Amino acid sequence: MEPPTLTAAPQIDEVFSAQRIRARAMRSEPATRRKNRIGSIGKWIKANRTAIHESLYADLHKPSAESDATEIIPALTEVQHTLAHLDDWMKPRKVDAPVTLLGTRSVIQYEPKGVCLIISPWNYPFNLAVGPLISALAAGNTAMVKPSEFAPHTASLIRRMVEELFTPDEVMVFEGGPNVSQKLLSLPFDHIFFTGSPAVGKIVMKAAAENLSSVTLELGGKSPVLVTPSAQVSMAARRIAVAKFINNGQTCLAPDYVLVHQSLFSSFIEALKNETLRLFTENGKSLEESPHYARIVNQRHFQRLQHLIEDAVNRGAAAELAGPMNDARNFMHPFILSNVPENALLMQEEIFGPVLPVLTYNNLEEALQLINQKPKPLALYIFGSDKAEHNKIIAETSSGAVCVNDCAIHFLHINLPFGGVNHSGIGKAHGFYGFQAFSNEKPVLVQRKGLTTVSFFYPPYTQKVKQLTNWLIRLF
Ligand code: NAD
């Protein structure tokens with residue numbers, strides 16, 4: 001596939017001004033206009049499925065079935081769910097009055113925030129740009145989208161989609177790297193939706209603070225897996241291997257490290273090795289020949305991962321599963337390491353590649369302490385059948401989400417809010433929660449005519465007012 005050509009120098013300021021004007025006009029548009037825009041994205045995705053596959057293959061060597069499952073189906077789910085529910089979401093929501101405001105009528109009205117910025121990463125480059133765009137449009141906003149420069153084929157395809165479906169004052173895509181991001185971030189957006197690393201998340205939040213733009217930050221982190229004594233080992237190994245090694249481990253929700261109960265260690269390692277090889281190879285082909293296994297996005301990440309493995313091995317880690325690497329093709333075999341010391345770089349930073357440390361624990365307190373001394377992760381996974389133990393783990397840890405007896409699939413559940421907590425993110429996405437992130441929840445209160453409850457408390461503060469206040473306080 002030919003590398004994409006970049007757009008001519010984008011007129012960021014001009015587009016921003018045009019979108020400001022358009023955003024004002026869009027505030028009073030009916031739901032049907034919003035639904036038409038979203039419906040057009042759904043139709044475009046279906047009509048261009050092969051082009052999406054090709055771009056994702058060119059950028060990440062993604063197998064087409066994996067692109068369907070992790071990029072196209074989630075985007076289409078967002079389209080379908082939004083079309084089905086948008087009328088309800090847009091309806092003003094009635095709320096009851098407290099005793100001090102009896103006689104008033106109030107609603108919460110969802111208004112568009114205005115002009116929004118979406119900055120997206122390279123690992124699921126289609127869905128992580130288009131998903132937030134659907135939410136932004138559902139909430140009635142205009143949007144400027146900056147996809148990742150490290151998935152250039154997909155970035156240019158998203159630009160083509162947007163150019164075919166929207167005018168620049170509705171939606172516009174700006175290709176490029178940090179320079180383009182930073183130019184965009186200097187503008188007073190009404191909302192910024194960023195998906196990427198915690199390090200860049202901090203840069204985005206600082207820039208947003210200058211304009212007091214609201215932010216949604218969808219970040220990453222070290223998502224742990226607990227394999228408890230009651231776990232079914234082969235099932236746990238299979239599900240962990242899928243979530244860890246699809247997209248070559250470059251998934252924000254991938255299991256980052258496993259804590260397995262000492263009693264299951266040997267059987268778990270054996271099952272994990274077997275499942276990993278079984279899942280990603282076919283007909284005795286090597287993993288490098290396998291059509292089911294993706295690639296590392298670029299040389300920088302390839303070298304970063306090589307360094308993480310070397311550092312862990314130099315500090316005494318043992319390779320339970322290892323294999324060839326081909327830096328010319330960014331091919332990296334899955335690595336499963338045991339005995340990884342806590343001070344190894346692998347245990348300090350998000351791995352984001354096909355390397356999985358498997359640690360052991362003897363008592364749960366020890367495992368919870370290790371999890372809790374790290375920044376709050378995007379997800380926490382538990383394998384086991386002991387509900388009391390699950391409840392204890394859920395209560396005593398904090399994470400963006402918990403998934404029991406599987407990994408990462410909660411991303412696909414459109415009725416669940418998706419996002420992290422503190423270091424793994426701020427704010428939520430998907431379905432209604434995405435609509436909410438791009439909306440201002442505006443309270444509208446209508447007071448009655450004539451006598452009102454609050455008027456009993458007006459100054460001058462006579463004895464009667466004070467008696468009434470004392471009576472009211474006794475009610476609480
Ligand atoms: P990244 O933070 O390097 O880049 C993300 C975006 O920010 C890109 O568009 C990039 O051009 C831009 N950017 C990079 N440096 C910038 C700077 N200095 N100023 C302004 N913008 C800048 O992330 P990535 O490498 O593309 O993606 C990997 C990270 O994203 C991982 O940490 C992963 O966990 C996280 N992630 C999170 C989610 C989620 O939904 N929570 C999903 C996917 C990826």
Side-chain angles (χ1 to χ4, degrees), residues 6 12 59-60 70-71 74-75 78 117-132 135 144-152 154-155 158-159 173-187 189 192-208 210 213 215-223 243-244 246-256 296-302 304-305 349-353 375-379 399-401 408 410-412 416-430 433-434 437:
L6 287 184
I12 289 177
D59 287 332
L60 289 149
T70 61
E71 304 253 19
E78 197 76 55
L117 172 63
I118 295 167
I119 301 178
S120 56
W122 50 262
N123 61 336
Y124 291 89
F126 187 77
N127 180 42
L128 293 178
V130 174
S135 297
M144 293 165 73
V145 183
K146 212 296 283 167
S148 172
E149 69 279 22
F150 293 131
T154 312
I158 294 168
R159 178 168 59 81
V173 171
F174 294 90
E175 289 174 80
N179 289 348
V180 175
S181 263
Q182 279 168 11
K183 168 65 194 152
L184 287 161
L185 285 167
S186 67
L187 296 170
F189 281 95
I192 299 172
F193 189 107
F194 170 80
T195 308
S197 59
V200 179
K202 289 180 194 174
I203 295 172
V204 170
M205 199 161 169
K206 277 190 193 139
E210 283 303 312
S213 304
V215 290
T216 303
L217 302 178
E218 296 281 344
L219 311 177
K222 293 186 79 61
S223 298
K244 177 66 192 182
I246 62 165
N247 206 26
N248 222 336
Q250 302 164 120
T251 302
C252 57
L253 282 168
D256 188 89
I296 301 300
V297 67
N298 57 29
Q299 276 290 303
R300 184 164 70 83
H301 279 279
F302 191 87
R304 179 184 64 80
L305 288 158
E349 57 183 78
E350 181 183 6
I351 297 172
F352 219 59
K376 296 171 191 170
L378 189 55
S399 55
H410 59 285
F411 181 89
L412 303 171
L416 287 175
F418 181 79
V421 49
N422 298 129
H423 204 262
S424 51
I426 294 175
K428 301 290 177 192
H430 292 184
Y433 303 95

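The first residue in the sequence is number 1, and the count goes up from there. Because the structure is a prediction, the values reported are computed rather than measured. Ligands are counted one by one from 1 in listed order, and the atoms in each one are counted from 1 as well.
When all heavy atoms are compared, the tightest approach of P121 to G196 is CB-CA, 4.4 Å. Closest of all the heavy-atom pairs between P132 and N127 is CD-O, 3.8 Å. When all heavy atoms of L416 and H430 are compared, the closest pair comes out as O-CB, 4.1 Å. Nearest heavy-atom pair across L378 and L219 is CD2-O, 3.4 Å. Here the closest non-hydrogen pair linking A379 and L253 is CB-CD2, 3.8 Å. Of all heavy-atom pairs between N123 and N247, the closest is O-ND2, 2.9 Å.
Side-chain atoms of I426 and M205, non-hydrogen and from C-beta on, do get closer than 4.5 Å to each other.
In the vicinity of L378, heavy-atom distances shorter than 4.0 Å reach the ligand 1 atoms 41 (N). Of all atoms in ligand 1, numbered sequentially from 1 with element shown, those under 4.0 Å from a heavy atom of I119 are 6 (C), 7 (O), 9 (O). The I203 neighbourhood of ligand 1 comprises atoms 18 (N), 19 (N), with distances under 4.0 Å to a heavy atom of that residue. Against a heavy-atom cut-off of under 4.0 Å, S120 is close to the following atoms of ligand 1: 6 (C), 8 (C), 9 (O). Residue E149 has at least one heavy-atom neighbour below 4.0 Å for each of these atoms of ligand 1: 10 (C), 11 (O). With ligand atoms numbered from 1 in the order given, ligand 1 contributes 28 (C), 31 (C), 33 (C), 34 (O) to contacts under 4.0 Å with heavy atoms of F352. Atoms of ligand 1 found under 4.0 Å from any heavy atom of N123, numbered from 1 in the order shown, are 43 (C), 44 (C). Ligand 1 places these atoms under 4.0 Å from at least one heavy atom of K146: 8 (C), 9 (O), 10 (C), 11 (O).
With a heavy-atom cut-off of 4.0 Å, L253 does not touch ligand 1 at all. Looking at Y124 against ligand 1, nothing comes within 4.0 Å, counting heavy atoms. Contact annotation: for Q250 versus ligand 1, there are no heavy atoms closer than 4.0 Å. Contacts between A199 and ligand 1 below 4.0 angstrom, taking non-hydrogen atoms only, are absent altogether. When non-hydrogen atoms are compared, ligand 1 lies under 4.0 Å from the backbone of T195 as well as from its side chain. When heavy-atom distances to ligand 1 are checked against a 4.0 Å cut-off, V204 has no atom that comes that close, whether in backbone or side chain. Residue contacts with ligand 1, taken as heavy atom pairs separated by less than 4.0 Å, do not involve F150 at all.
Nearest to atom 35 (C) of ligand 1 among the protein's heavy atoms is G196 O, 3.2 Å. For atom 24 (P) of ligand 1, the nearest non-hydrogen atom of the protein is W122 NE1, 3.4 Å. For atom 17 (C) of ligand 1, the nearest protein heavy atom (residue, atom name, distance) is Q182 NE2, 3.5 Å. Closest to atom 31 (C) of ligand 1, if we only count protein heavy atoms, is E350 OE1, 3.5 Å. Looking from atom 12 (C) of ligand 1 to the surrounding protein, the closest heavy atom is S181 OG, 3.8 Å.
Considering A254, G419, C252 only, the shortest heavy-atom separation from atom 37 (C) of ligand 1 involves C252. Here atom 2 (O) of ligand 1 lies nearest to S197 when heavy atoms of S424, A429, P121, S197 are compared. Summarising the contacts of atom 15 (N) of ligand 1 with N127, N298, L128, V200, the nearest heavy atom is found in V200.
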>> The test is side-chain contact (heavy atoms from CB on, under 4.5 Å); show your working for N248 and L60 and say whether it passes.
In response: CA-CA 9 Å; N248 222 336; L60 289 149; over 6 Å; no
> After noting the C-alpha distance and the side-chain angles of V130 and E71, does the key distance pass the side-chain contact (heavy atoms from CB on, under 4.5 Å) rule?
Replying inline: CA-CA 9 Å; V130 174; E71 304 253 19; over 6 Å; no
> Are Y433 and F418 close enough, and set up right, to give a ring-ring contact (aromatic ring centres under 6.0 Å, His included), and what steps lead you there?
Replying inline: CA-CA 8 Å; Y433 303 95; F418 181 79; over 10 Å; no
>> For a side-chain contact (heavy atoms from CB on, under 4.5 Å) check, start with the C-alpha distance between I351 and K222, then their side-chain angles and the critical distance, and finish with the verdict.
In response: CA-CA 7 Å; I351 297 172; K222 293 186 79 61; 3.9 Å; yes
>> As a quick check of understanding, evaluate side-chain contact (heavy atoms from CB on, under 4.5 Å) for V200 and F194, giving each step before the final call.
In response: CA-CA 9 Å; V200 179; F194 170 80; 3.6 Å; yes
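Shown here, atom 41 (N) of ligand 1 is in close reach of the protein: a heavy atom of it lies under 4.0 Å off.
Atom CZ of F193 and atom OG of S135 lie 6.5 Å apart (nearest 0.5 Å). With rounding to the nearest 0.5 Å, the separation of CD in Q250 from OH in Y124 is 8.5 Å.
Ligand 1 lies less than 4.0 angstrom from a heavy atom belonging to S148. Contact annotation: F194 has at least one heavy atom less than 4.0 Å from an atom of ligand 1.
Around atom CD of E210, no more than 12 heavy atoms belonging to other residues, nucleotides or ligands sit under 6.0 Å away.
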